[in-house]
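Beneath this line is the structure, given in structure tokens, with notes to follow.
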Protein chains: 2
Amino acid sequence: MSFSTTEENYLKAIFKLSEKSGDRPVLTNHLAAEMQIAAASVTDMIRRLAEKQLIEYEKYKGVQLTAEGQRWATYLIRKHRLWEVFLLEKLGFAWDEVHEMAEQLEHIQGDELVNRLDRFLGFPRYDPHGDPIPDEHGRWEARRQSPLSDVMPGQVFIVTGVQDHSTTYLQYLDHLGIALGSRIEPLERLPYDHSMRVKLADGPAFTLSEKAALNLLVMSADEQTTQ
Amino acid sequence: MSFSTTEENYLKAIFKLSEKSGDRPVLTNHLAAEMQIAAASVTDMIRRLAEKQLIEYEKYKGVQLTAEGQRWATYLIRKHRLWEVFLLEKLGFAWDEVHEMAEQLEHIQGDELVNRLDRFLGFPRYDPHGDPIPDEHGRWEARRQSPLSDVMPGQVFIVTGVQDHSTTYLQYLDHLGIALGSRIEPLERLPYDHSMRVKLADGPAFTLSEKAALNLLVMSADEQTTQ
DNA sequence: AAAAATTTTTAGACTAATCTAAATTTATTA
DNA sequence: TAATAAATTTAGATTAGTCTAAAAATTTTT
Ligand SMILES: [Mn+2]
Ligand SMILES: [Mn+2]
Ligand SMILES: [Mn+2]
Ligand SMILES: [Mn+2]
């Protein structure tokens, strides 16, 4: 079993949009927008993927991954995230630089390569953005994390992930001194624009916009230690 | 500047055949045989590569790499060999297992990635098969090595490379206990079939076929220490 | 329940990379 | 040097992946 880079990119996109839509069928236009491709091209490709039993496709109703499609998409995500860890941990790239390269590396074939890379990296469970890495059997641990914008002030939280992977956002966090594992304490939410006053361990207080707080995922500090 | 995987594979093949032919033009059929592709397809592609100024092409006369083509081919070889070192040194693959994977990895784009990988590996000068690795500027050191079949018995040599990269040959060397860096002493050449009696440091004597000796590259032990 | 708007599919075309078979050019041999 | 053989190119097809424009289906609005 092996698929083209293009086919694999479709599988990943369908997986991503499925997650967002709570497993409801993914519509042609959504896929077209996500992949920056004409809707007509998507229609073509999903017919081919359906023939290969990677997705179920009902005309005008959208597509869903089959078990096989799920498995393959998960495998691609495993590869992508392991390579991201490699680029950061071993080659010293920053968390806003690794995505593009991993986007290529995820298509390199070789199960043995993936498993040895996993071992070399010490079987990491999360990637540089806090996203879980599926293991050899396609299983992964989801964390009970929430956007910082949703939590109650007056308690310490640990930064465990980001929802926005854009370079600008990640560099903005760097600028603020916020990284995965940072201890952050929300002080108050300002009703006017929903911005949030927060402070990092031993640091001065500062303000985060609603948008910035929405995309920052945190866990309560005591819960985190059990993970 | 960036080229398709296919174009890059043509460049590498032309480079390889040019080396063999002493820089005389590479003929369509040679390229077709090397790449296991129909001659007509080669004609098509070399016209495209000539348009992109990567090769000079005269109808019916064969092709030669331009300076730009040389540069790019050398860059691909640099990437291929660095990834081979990574797979062997860091992931623990054997020298007969790395080529296929490197064949894919050499097409991954990112100059910074290549240079960081190089640094991570400690700027290796030779790959797991003893082939030289071009540096960031495309320069590399060729060693004064010769096939074991050509050297005079009665002196100790160091194994520095192989000419045959096939799995069967490399595994055969493993079986004999011959690796890069092995000290090997040719005892005599047998006139009947040009086979060679040799011995490894402290080991018993054994016989190598002419073919096996032709593909094993060695340097005299004292010369090697200066490299 | 029509009409209008939106979404999706179909139709037809294009490029890259390949193939086979036929035509052409170059090299070898008689 | 003419005939023959070998190498190379051209011609015409095919497949994957993409596009735009038009047609068809579905959904929303009136
Ligand atoms: Mn990524
Ligand atoms: Mn990531
Ligand atoms: Mn190789
Ligand atoms: Mn090699």
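Owing to the predicted nature of the structure, the values given are computational and were not obtained by experimental measurement. Lettering of chains follows the sequences in order, A, B, ..., and the numbering in each one begins at 1.
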Kindly indicate whether a cation-pi arrangement holds for K90(A) with F120(A), taking the cut-offs as under 6.0 Å to the six-membered ring centre and within 45° of the axis.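 Yes; both conditions hold, so K90(A) lies above the ring face of F120(A).
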Is it possible for you to check whether R81(B) lies under 6.0 Å from the centre of the six-membered ring of Y126(B), through NZ or CZ, and within 45° of that ring's axis?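 No, R81(B) does not lie over the aromatic ring of Y126(B).
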Counting only side-chain heavy atoms from C-beta out, which of [options] sits nearest to [X]?
{"X": "A38(A)", "options": "dT9(C), dC19(C), dT20(D)", "answer": "dT20(D)"}
{"X": "Y10(A)", "options": "dT18(C), dA11(D), dT18(D)", "answer": "dT18(D)"}
{"X": "A40(A)", "options": "dT25(C), dA17(C), dA11(C)", "answer": "dA11(C)"}
{"X": "S4(B)", "options": "dT18(C), dG17(D), dA17(C)", "answer": "dA17(C)"}

What's the [atom1]-[atom2] distance between [X] and [N], to the nearest Å?
{"X": "N9(A)", "N": "dG17(D)", "atom1": "CG", "atom2": "C1'", "result": "12 Å"}
{"X": "K61(B)", "N": "dT26(C)", "atom1": "NZ", "atom2": "C1'", "result": "7 Å"}
{"X": "I37(B)", "N": "dT14(D)", "atom1": "CD1", "atom2": "P", "result": "19 Å"}
{"X": "E8(A)", "N": "dG17(D)", "atom1": "CD", "atom2": "P", "result": "11 Å"}
{"X": "I46(B)", "N": "dA7(D)", "atom1": "CD1", "atom2": "P", "result": "15 Å"}
{"X": "N29(B)", "N": "dT26(C)", "atom1": "CG", "atom2": "P", "result": "15 Å"}
{"X": "Y60(B)", "N": "dT9(D)", "atom1": "OH", "atom2": "P", "result": "6 Å"}
{"X": "R48(B)", "N": "dA16(C)", "atom1": "CZ", "atom2": "P", "result": "6 Å"}

Are [X] and [N] close enough that a side-chain N or O sits under 4.0 Å from OP1 or OP2?
{"X": "S41(B)", "N": "dA17(C)", "answer": "no"}
{"X": "T43(B)", "N": "dT8(D)", "answer": "no"}
{"X": "T28(B)", "N": "dT9(D)", "answer": "yes"}

Give me the ring orientation class for W83(A) and F86(B): parallel if the planes are under 30° apart, tilted from 30 to 60°, perpendicular past 60°.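 Rings of W83(A) and F86(B): tilted, as their planes differ by 30° to 60°.
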Can you tell me if Q171(B) has over 12 outside heavy atoms packed within less than 6.0 Å of its CD?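 Atom CD in Q171(B) is crowded, with more than 12 foreign heavy atoms closer than 6.0 Å.
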Which residue, Q36(A) or K59(B), contacts DNA chain D at a nucleotide closer to its 5' end, judged by nearest heavy atom?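 It is K59(B) whose nearest nucleotide is closer to the 5' end.
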If I compare all heavy atoms of R189(B) with all of D150(B), which pair ends up nearest, and what's the gap?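 In terms of heavy atoms, the two residues are closest at NH1-N, 4.2 Å.
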